[in-house]
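Notes for the one structure printed next.
Computed from heavy atoms alone, side chains included, the values below leave out hydrogens, waters and symmetry copies. Chain identifiers are assigned alphabetically (A, B, ...) following the order of the sequence lines, protein sequences preceding nucleic acid strands; residue numbering begins at 1 within each chain.
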Amino acid sequence: MALRLFNTLTRTEEEFRPIEDNHVRMYTCGPTVYDFAHIGNFRAYTFEDVLRRYLKYKGYRVTQVMNLTDIDDKTIRGCQAEKIPLDQYTARYKKAFFEDIDSLRIERAEIYPEATKHIGEMVAIIAKLRAKGIAYEMNGSIYFKISSFPEYGKLSHMDISQLKAGARVASDEYEKEQVSDFALWKAWDESDGPVFWETEIGKGRPGWHIECSAMSTKYLGNHFDIHCGGIDNMFPHHENEIAQTEAATGEKFVNYWLHNDHLVVEGRKMAKSFGNFFTLRQILKRGYPAVAVRYLLMSTHYRQQLNFTFDGLEAAKAAIERLHDFVGNLGAVSGGKLNPVVDELINRVLADFETALDSDLNMSAALGAVFDFVRDINRLIHDKHMSEVDAKKVISTMARFDTVLAVLQREDAALDAEIEEMIDRRNQARKNKNFAESDRVRDELLAKGIVLEDTPLGTKWKRKL
RNA sequence: GGCGGCUUAGCCAAGUGGUAAGGCAGAGGUCUGCAAAACCUCUAUUCUCCGGUUCGAAUCCGGAAGCCGCCUCCA
C-alpha cells in the first residue's frame with residue numbers, strides 16, 4: 001500500500017510519490033540554538049523522526065536536512081548578555097541539542113547546516129531577488145515585496161489584505177512599502193554589536209526565513225519532496241520561504257508540506273507563567289526515562305494537539321515495560337511445535353501496522369495493532385502453543401516495528417557483583433524456605449531498581465525503567 | 001476583527017455513515033511460598049450540549065458552550 005500524507009498546501013491527504021524514484025529529500029525546520037529545547041520542540045523532531053524512519057521502513061532512501069539557526073535576535077541577545085562571542089554561545093546549545101535528540105533516539109539527519117556558515121548562499125538569493133525587482137532596499141535593509149508574488153498566502157490560506165496589524169508589527173520600525181513585506185536582510189545597527197557580515201548587499205545579517213531557502217535548495221535542490229515544521233511556522237515562516245524561493249528559482253519549491261500540531265501540558269498551553277514549561281532535561285531530572293518521553297510524544301497523531309501529562313508519562317513508561325517484558329518472555333520460549341497461527345498473526349499485525357502508518361502516520365492505530373498482537377502472542381505462550389522458532393519470528397517482527405518505534409532497546413547495564421551476590425543469597429534463602437529473608441532481599445533489590453521474577457526456568461531479573 | 005483545530009471511560013487515545021481499537025489505572029480470578037510477568041473476566045447502551053438529515057450518526061448538516069492555536073522571526 002502507498003503512504004498517504006496530509007499536505008497543508010492542498011489541505012487533503014495525498015498519496016506520497018517522491019520526485020526521484022525511491023529517494024526522498026526532506027527539509028525539517030530545526031532549532032534556534034539560544035537555549036535548551038523544550039518538549040514542544042521535541043514533539044516536532046520526534047514526529048519528523050517517525051516520518052523518516054517509516055520512509056526507510058518502506059524502502060526509501062532518505063536525505064534529511066535540518067537547519068541550526070545560530071543567528072537571530074535571540075542568539076544575539078544571549079551572547080551579548082554573557083559577553084561572549086556568538087559562536088561560543090550557540091555552540092553550547094548545539095551540543096545540548098544533539099545530546100537531547102540522542103536520548104530521545106531521534107536518528108541523525110544526513111545534514112545539519114548552520115545558518116552562519118551559509119551567509120554567501122543567502123546573499124546570492126537576495127541579490128537575485130533584487131535583480132528581478134522583487135526585493136527592495138530601505139535604509140540598508142532589504143525586503144521582499146509581497147505584492148510581486150501573487151500566490152502569496154497559498155500555504156496558510158491567508159488573505160494578506162485581511163491581516164490585522166498586530167502589536168508586533170509596530171516593533172519593526174523599518175519603513176517598508178507594505179507592512180506585510182518581510183526582511184530578507186537586516187542592516188547592522190549598534191545593538192548588533194560585533195555580529196555582522198560585510199557583503200555585496202551591505203553590512204548586516206540575514207532575516208530569518210532566508211536561511212531555510214538557501215540551505216534547503218543547496219542540499220536538496222530547488223524542488224524537493226517534503227518540508228516539515230510546527231504548525232506555528234506555517235505562517236509566516238513557510239509562506240515566506242515559498243515566496244522568496246519560488247520567486248528566485250521560478251520553480252515549484254516543495255511538493256508536500258507537513259505540519260505538526262502543538263502540545264499542551266496538563267491541559268493548558270505551555271507557558272513559563274503557568275509553571276508548566278519543561279525542557280527535556282527538566283523531565284529527565286525528575287527521573288523519567290527519555291524513551292517514555294519519546295513514546296508519549298509519538299503516540300498521539302502528529303496533527304492532533306497532544307496533552308502532555310505526568311500521568312501520561314507514567315502510562316508511557318508502563319506501556320514500554322510491557323513491550324520489553326513481551327520480548328524478554330519470548331526469549332525464554334524453548335522447543336515446542338511450530339504453530340501456523342503465529343504466521344497468521346504476524347502477517348496480520350504487519351498489515352495493520354503498515355495500513356495505520358500509511359494513513360498519514362496514524363501511530364495510535366499502529367500501536368493498537370502492536371498491542372493486539374502482544375496479547376494474542378502472549379496467549380499462545382501462556383497456552384504453550386508457541387515454539388522457539390515461532391518466538392524468534394515474533395522477535396524479529398518486533399525488531400522490524402522497532403526500526404520505526406525505537407522503544408524496545410534496553411539500556412541495561414550488566415549486574416554488578418554486589419547485586420549478583422544478593423540474588424544468590426535470596427535464592428539460597430528460598431531454598432531453605434526462609435521467605436522472610438528472601439522477601440527482604442527482594443525488597444532491597446527493588447529499591448535499587450532491580451525487579452525479580454521467579455520462573456520455572458529460574459530467577460530472572462530486569463531493571464525498572 | 002480574520003483564519004484554523006479540538007471536545008470519545010478515572011487518565012491518555014484510535015475510530016469520519018452500519019452499531020465504541022489500544023495503552024495506563026482499577027476490581028475479581030488462574031499461576032506463585034508470597035510476589036513479578038502472563039492469561040481469563042469485568043470496567044462508555046454511549047462519544048460536550050441542542051436541533052436536523054438518514055432505515056441507521058461519535059462520524060454528515062445547523063446552532064450553542066468550552067478549550068487550544070495562527071494573524072511578521074514561537075515546534
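Taking atom CE of residue Met298(A) and atom P of nucleotide G22(B), one finds them 19 Å apart after rounding to whole Å. In this structure, the CG atom of Asn233(A) is 11 Å from the C1' atom of C70(B), given to the nearest Å. The separation between Leu380(A) atom CG and C39(B) atom P is 11 Å, rounded to whole Å. If you take CZ of Phe326(A) and P of G22(B), they are 16 Å apart, rounded to a whole angstrom. Summarising the geometry, the separation between CG on Asp325(A) and C1' on C24(B) is reported as 15 Å, rounded to the nearest angstrom. Spacing between atom CD1 of Ile320(A) and atom P of A37(B) amounts to 16 Å, rounded to whole angstrom units. Separating the CZ atom of Phe401(A) from the C1' atom of G22(B) is a distance of 14 Å, rounded to the nearest angstrom. Put simply, CZ on Phe308(A) is 17 Å from P on A75(B), counting in whole angstrom units.
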Which letters describe nucleotides 11-17 of chain B, given B = protein heavy atom under 4.0 Å from base, S = only from sugar-phosphate, - = neither? -SSSS--
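Straight-line distance between the C1' atoms of A64(B) and U7(B): roughly 14 Å, to the nearest whole Å. A57(B) and A14(B) are spaced 24 Å apart, taking the P atom of each and rounding to whole Å. For the P atoms, the distance linking G23(B) with G18(B) amounts to 24 Å, nearest Å. The separation of C68(B) from C61(B), taken at their C1' atoms, amounts to 25 Å, rounded to a whole angstrom. Nucleotides A58(B) and A9(B) place their C1' atoms 14 Å apart, quoted to the nearest Å. Comparing C49(B) with A65(B), their C1' atoms are spaced 7 Å from each other, to the whole Å. Nucleotides C60(B) and C67(B) have their C1' atoms positioned 24 Å apart, rounded to a whole Å. Distance check on atom P: G28(B) versus A35(B) gives 12 Å, rounded to whole Å.
Listed nucleotides G23(B), A25(B), G5(B) differ in distance to Asp261(A); the shortest reach to its side chain belongs to G5(B). For Val264(A), the side-chain atoms get nearest to C68(B) when compared with the rest of C40(B), A75(B), C68(B). Relative to the side chain of His262(A), the nucleotides A75(B), C71(B), G33(B) differ in distance, and A75(B) lies closest. The side chain of Asp372(A) has G22(B) as its nearest neighbour among A75(B), G22(B), A36(B).
Residues Asp372(A) and Arg348(A) are not paired through a salt bridge, judged by the lack of any N-O separation under 4.0 Å between the basic side chain and the carboxylate. One finds a salt bridge joining Glu246(A) and Lys154(A) here, because a Lys/Arg side-chain nitrogen approaches an Asp/Glu carboxylate oxygen to under 4.0 Å. Salt bridge absent: Lys462(A) and Glu321(A) never bring a charged side-chain N and a carboxylate O closer than 4.0 Å. Asp376(A) has a carboxylate O that lies under 4.0 Å from a charged side-chain N of Arg379(A), or vice versa, which qualifies the two as a salt bridge.
Note on Ile381(A): nothing from the nucleic acid sits closer than 4.0 angstrom, heavy atoms only. Counting any heavy atom pair closer than 4.0 Å across all strands shown, Ser438(A) reaches a base atom. Residue contacts for His237(A): at a heavy-atom cut-off of 4.0 Å it reaches no nucleic acid atom on any strand shown. Contact annotation for Arg430(A): base contact, defined as any heavy-atom pair under 4.0 Å involving a base atom. If you check every strand for non-hydrogen atoms under 4.0 Å, Asp439(A) touches a base.
Contact check, Asn329(A) against A37(B): no side-chain N or O comes under 4.0 Å of OP1 or OP2. Look at Arg442(A) and you won't find any side-chain N or O under 4.0 angstrom from OP1 or OP2 of C34(B). Side-chain nitrogen and oxygen atoms of Lys464(A) include none within less than 4.0 Å of the OP1 or OP2 phosphate oxygen of A36(B).
Side-chain contact between Leu55(A) and Ile226(A) is present, with at least one heavy-atom pair separated by less than 4.5 Å. For the pair Lys95(A) and Thr90(A), the minimum side-chain heavy-atom distance is 4.5 Å or more. Proximity of Ile101(A) to Phe42(A): side-chain heavy atoms (C-beta onward) are separated by under 4.5 Å at one or more points.
Pro206(A) pairs in a side-chain contact (heavy atoms from CB on, under 4.5 Å) with only one of the listed residues (Ile119(A), Ile201(A), Thr116(A)), which is Ile119(A).
Toward the 5′ end of RNA chain B lies the nearest nucleotide of Ala316(A), the other residue of the pair Asn378(A) and Ala316(A) mapping further downstream. Place Arg426(A) and Lys74(A) on RNA chain B by their nearest nucleotides, and Arg426(A) ends up nearer the 5' end.
For an aromatic pair to be called close, the ring centres must be under 6.0 Å apart, and Tyr45(A) with Phe97(A) satisfies this. Annotation: Phe278(A) is not in aromatic contact with His38(A) [ring centroid separation under 6.0 Å not met].
In this model, no donor atom of one side chain and acceptor atom of the other lie less than 3.5 Å apart for Asn233(A) and His259(A). One side chain, Thr10(A) or Glu14(A), offers a donor N or O that lies under 3.5 Å from an acceptor on the other.
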Applying the Watson-Crick and G-U criteria (both distances under 3.5 angstrom) with [ ] for crossing and | for other-strand pairs, one obtains for RNA chain B ((((((((.[[[..)..(...]]].(((((.......))))).....[[[[[..)....]]]]])))))))....
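Asp454(A) contributes a side-chain N or O that forms a donor-acceptor pair with the base of C34(B) under 3.5 Å. Arg322(A) contributes no side-chain N or O that forms a donor-acceptor pair with the base of G23(B) under 3.5 Å.
Residue side chain Phe371(A) fails the stacking definition with respect to G22(B), as its ring centre and the base's six-membered ring centre are not both under 5.5 angstrom apart and under 30 degrees in plane angle.
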